[in-house]
There are 2 protein chains.
Amino acid sequence: MGRGKIEIKKIENNTNRQVTFCKRRNGLFKKAYELSLLCDAEVACIVFSTRGRVYEFANNHMKSTIDKYKMATSNAPNTNSVQEINAQFYQQESKKLRQQIQMRQSTNRHLMGDGLDSLNVKELKQLETRLEKAISRVRSKKHDMILAETESLQKREIELEHYNVFLRSKITENERVQQHAVDAAGQQYNAIEEYLARSALQLNIMGSLEDTPSAYSLPINKSLHLG
Amino acid sequence: MGRGKIEIKKIENNTNRQVTFCKRRNGLFKKAYELSLLCDAEVACIVFSTRGRVYEFANNHMKSTIDKYKMATSNAPNTNSVQEINAQFYQQESKKLRQQIQMRQSTNRHLMGDGLDSLNVKELKQLETRLEKAISRVRSKKHDMILAETESLQKREIELEHYNVFLRSKITENERVQQHAVDAAGQQYNAIEEYLARSALQLNIMGSLEDTPSAYSLPINKSLHLG
DNA sequence: GGGCCTATCTATAAATG
DNA sequence: TCATTTATAGATAGGCC
């Protein structure tokens, strides 16, 4: 049917193929519709184009027809979909997990000293023993940590004391050096004063004295970081 | 196409409908095949006859085409099957529950005095406080229960002592009654002996003495039940 | 504009009553 | 089977993103 006879093989011309696809698809769906109506049949067609677009016909709902098809073709128990199996699995999992939580919650409450009414004296004694054990561990751990912290603080204290001693010795030395410089300056001043009454030399000497302490600051900082 | 034009409506004649169904079904599948080949398309058709028999065409595998169709049409969220939604729901639920368990487990371990390395001194102090609180509650509860038990035992002790006193008084009375009886019997014996040397009268008197204590057993049992 | 899809027209092949 | 209806090849134009 058509202007000429065609061979049933893939149409290479893109445009032609596209047009034929559109026409024949409509033709197919029309035939499907007629079949369903004339013969009181349930018909469903699914068509994917080359580019993956989907077209469909179903005189009934596609989903129900597919389900019916699956029912009809699978007497085997694989009718259950992967999703259904998943749902069942996770549903059971949730149930178990909830039970676990219930148990843990109960234990937890007992360990927190709540909900004790359901326990008898023997169970209360066991719980007490457990809590004593726990508290002793916690205390031991706390003790260790505080001890470690104390030790660390003591170490730091000793370091700081050493540093203190060092600083004091530096100050003493500085004062000594400063005294020397002042003395020397005084002597120089007296000597030079007679020759250069308007000179600013004394200022330069004061500047060099101020720089001197910074030579010690580096080792001092290092010692602090170790502490 | 045929000897005459037909209206597209259900063919009422059973045989005609059957024949047309067969012909048009084959025609549909042929068209589907040609479409798939000519246009390089993926085509699937499902046909159910009135009597529920299934016929199908698929140039590819029917299952994969259906899956692909479901994938393609499930951009809309309502396409997800109930099972799929369930699966997702329970999957998330399980995940959450597992996290909860993880947390509770951690808390639990801490309350049991395990896994303390991750805690700092402050947290350890809090934990200690919690445990102290818990243990004091447990001890209080235990104390209450032991106290209640002790009270109950003391009550029972008192009851038993009372019962004891009662029993002793009964025994004393019994002995007295018995003595009287024996005395009476002795006196009677002596008196009657002289008149009826072969009489069995003394045996009847002994029997009435044996029945006497049972009159007291009822109130005794009642007192026990109250205790 | 350009790619992609569909509609229309007509002669003819194909389906089918 | 086969006369006749129907589908559709081929060409082209229109609509949409």
Side-chain angles (χ1 to χ4, degrees), chain A residues 1-62 65, chain B residues 1-60 62 64-79:
Chain A
M1 46 196 176
R3 290 292 174 92
K5 189 169 178 167
I6 56 158
E7 201 184 344
I8 301 298
K9 67 170 191 183
K10 181 176 173 180
I11 298 167
E12 293 302 337
N13 182 299
N14 258 354
T15 311
N16 283 355
R17 179 152 35 84
Q18 184 61 37
V19 172
T20 297
F21 176 68
C22 183
K23 285 181 176 177
R24 279 186 173 255
R25 175 164 44 76
N26 286 334
L28 182 73
F29 288 169
K30 188 180 176 191
K31 289 274 181 202
Y33 162 73
E34 290 179 358
L35 177 63
S36 72
L37 207 56
L38 284 170
C39 306
D40 190 30
E42 185 168 345
V43 183
C45 298
I46 298 169
V47 178
F48 285 96
S49 71
T50 315
R51 289 202 25 241
R53 217 169 135 175
V54 64
Y55 303 84
E56 60 181 294
F57 166 83
N59 64 319
N60 224 314
H61 282 294
M62 178 61 84
T65 304
Chain B
M1 44 203 171
R3 287 293 174 94
K5 190 169 176 168
I6 57 158
E7 200 183 343
I8 301 299
K9 68 171 192 184
K10 181 175 173 182
I11 298 167
E12 293 302 337
N13 181 300
N14 257 353
T15 312
N16 283 354
R17 192 174 60 242
Q18 186 64 35
V19 172
T20 298
F21 176 68
C22 186
K23 281 185 176 178
R24 279 187 174 254
R25 174 165 44 77
N26 286 332
L28 183 75
F29 288 169
K30 187 181 176 189
K31 291 275 180 205
Y33 161 74
E34 289 179 358
L35 177 63
S36 71
L37 204 56
L38 284 169
C39 306
D40 191 30
E42 186 169 345
V43 183
C45 299
I46 299 168
V47 177
F48 286 96
S49 70
T50 316
R51 287 194 32 230
R53 214 168 139 177
V54 63
Y55 302 84
E56 61 181 293
F57 166 82
N59 65 319
N60 226 315
M62 178 61 85
S64 72
T65 304
I66 287 176
D67 287 348
K68 197 172 164 184
Y69 168 80
K70 287 197 167 174
M71 289 290 291
T73 50
S74 71
N75 292 331
N78 66 339
T79 326

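Please read all numbers here as calculations on a predicted model, not as lab measurements. Every chain is numbered from 1 and lettered A, B, ... according to where its sequence line falls, protein lines coming before strand lines.
- Toward the 5′ end of DNA chain C lies the nearest nucleotide of S49(A), the other residue of the pair S49(A) and L38(A) mapping further downstream.
- Base contact: K23(B) has a heavy atom under 4.0 Å from a base atom.
- T20(B) comes within 4.0 angstrom of sugar-phosphate atoms only, judged by non-hydrogen atoms across all strands, and of no base.
- For L28(B) and dT8(D), the CG to P distance is 11 Å, given to the nearest whole Å.
- Residue V19(B) is classed as having no contact, given no heavy-atom separation below 4.0 Å to the nucleic acid.
- Nearest heavy-atom pair, F21(A) versus V47(A), reported as atom, atom and distance to 0.1 Å: CE1-CG1, 3.6 Å.
- Going from atom CD of E34(B) over to atom C1' of dA15(C) covers 11 Å, rounded to whole Å.
- For R24(A), counting side-chain heavy atoms from C-beta on, the closest listed nucleotide (dG17(C), dT6(D), dT8(D)) is dT8(D).
- Rounded to whole Å, the distance from CG on L35(A) to P on dT6(D) is 16 Å.
- Comparing T15(A) and I6(A), the nucleotide of DNA chain D nearest to each residue sits closer to the 5' end for I6(A).
- Ionic pairing of R17(A) and E12(A) is not present here: no N-O contact between side-chain nitrogen and carboxylate oxygen is shorter than 4.0 angstrom.
- Looking at heavy-atom distances under 4.0 Å, N26(A) makes contact with sugar-phosphate atoms alone, never a base.
- Using a 4.0 Å heavy-atom criterion, one finds that R17(B) contacts no nucleic acid atom at all.
- By the 6.0 Å contact criterion, OH on Y55(A) is enclosed, its count of non-hydrogen atoms from other residues, nucleotides or ligands being greater than 12.
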